[in-house]
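Lettering follows sequence order; numbering is per chain, from 1.
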There are 2 protein chains.
Amino acid sequence: MTNNKIINVKFRIWFFAGEEKLLGIGRVELLERINTTGSIAKAAKEMKMSYRQAWQMVNEMNQRSAFPFVVKHLGGKSGGGAIVTEAGLKTIKAFNELQEKIEFYIKQEASKIKL
Amino acid sequence: MTNNKIINVKFRIWFFAGEEKLLGIGRVELLERINTTGSIAKAAKEMKMSYRQAWQMVNEMNQRSAFPFVVKHLGGKSGGGAIVTEAGLKTIKAFNELQEKIEFYIKQEASKIKL
DNA sequence: TTTCGATATGTTTTGTAATGAATAGCGATT
DNA sequence: AATCGCTATTCATTACAAAACATATCGAAA
């Protein structure tokens, strides 16, 4: 009565500021795209989400974090844009590094499982 | 410009059978309660979910796993019930053990993060 | 001072997931 | 063969989240 089917383990992590959810993989990707495109609107379009939703995510992160992750710069011929702050960049870097470590760790441990 | 706010890391894991989600913490708890109460109906009531939903979860797990996690036993004065199989017990044990290990690992790694 | 695209925000619509109610079938025990 | 409550399943309803739409505001650059 031994189950020989391979069990695949998946996981997700989230960063919390106290008890408030700060970000997960989705918001990290959003920040990364804001960083490369220079605007919330373009990042949202790339991810096929509404600007409204993207903006709400950014706003929530900014309010919950001790330092904002994204700041706007309005005006100019291009109409303006948004840039990811140093605090934002550090956070997504820490998130990605931790996630990679955990992925590696889980792969090790999961391979030991015998059902 | 250093963020001294403490970042709290939370996580969840899931077991997959191939690409199909098998179970997460919620279904593990459901299985544990089925195991102690001897019925899906009682387990559902304890968790304040509808019998319908609980049954659907059990059914999905049974179909996706190589071996069913729960088997029914109808009839008797008590009307019948359900029991968790050996395969089910082994799976929830493996899940809980892996989860504990990861929790410990993340605590270690998260404490190193400086933002 | 006009223009531009981006930010910022409210309102409405839609889609889908969760819930609730209702009921048929089961079968060991008595 | 009557009983019990638990499994199994359908259908209607509700609730909530996501999407769609609409629009006001901003301000550097031309």
Rounded distance (Å) that lies between atom [atom2] of [N] and atom [atom1] of [X]:
| X | N | atom1 | atom2 | answer |
| --- | --- | --- | --- | --- |
| B/Ile83 | D/dC6 | CD1 | P | 16 Å |
| B/Leu30 | D/dT7 | CG | P | 11 Å |
| A/Glu60 | C/dT9 | CD | P | 14 Å |
| A/Lys45 | C/dG5 | NZ | P | 11 Å |
| A/Phe69 | C/dT7 | CZ | P | 18 Å |
| B/Met47 | C/dA18 | CE | P | 14 Å |
| A/His73 | D/dC26 | NE2 | P | 18 Å |
| B/Tyr51 | C/dT23 | OH | P | 17 Å |

Is [X] salt-bridged to [Y], cutoff N-O under 4.0 Å?
| X | Y | value |
| --- | --- | --- |
| A/Lys90 | A/Glu86 | yes |
| B/Glu60 | B/Arg27 | yes |
| A/Glu97 | B/Lys112 | no |

Is [Y] close to [X] at the side-chain level, that is, under 4.5 Å between some pair of heavy atoms?
| X | Y | answer |
| --- | --- | --- |
| A/Leu22 | A/Phe16 | no |
| A/Leu31 | A/Met61 | yes |
| A/Tyr105 | B/Lys101 | yes |

Residue B/Glu100 excluded, over 12 heavy atoms near CD under 6.0 Å: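 No.
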Pairwise 5' ranking along DNA chain C for B/Leu74 and A/Gln56, keeping only the more 5' one: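 The answer here is A/Gln56.
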D/dT7 OP1/OP2 closer than 4.0 Å to side-chain N/O of B/Trp55: no
A/Lys72 vs D/dC26: side-chain N/O to OP1/OP2 distance below 4.0 Å: no
Set out, line by line, the N/O atom pairs under 3.5 Å between protein and nucleotides 14-24 of chain D.
unit_1 : atom_1 : unit_2  : atom_2 : d
D/dA19 : OP2    : A/Gln53 : OE1    : 3.3

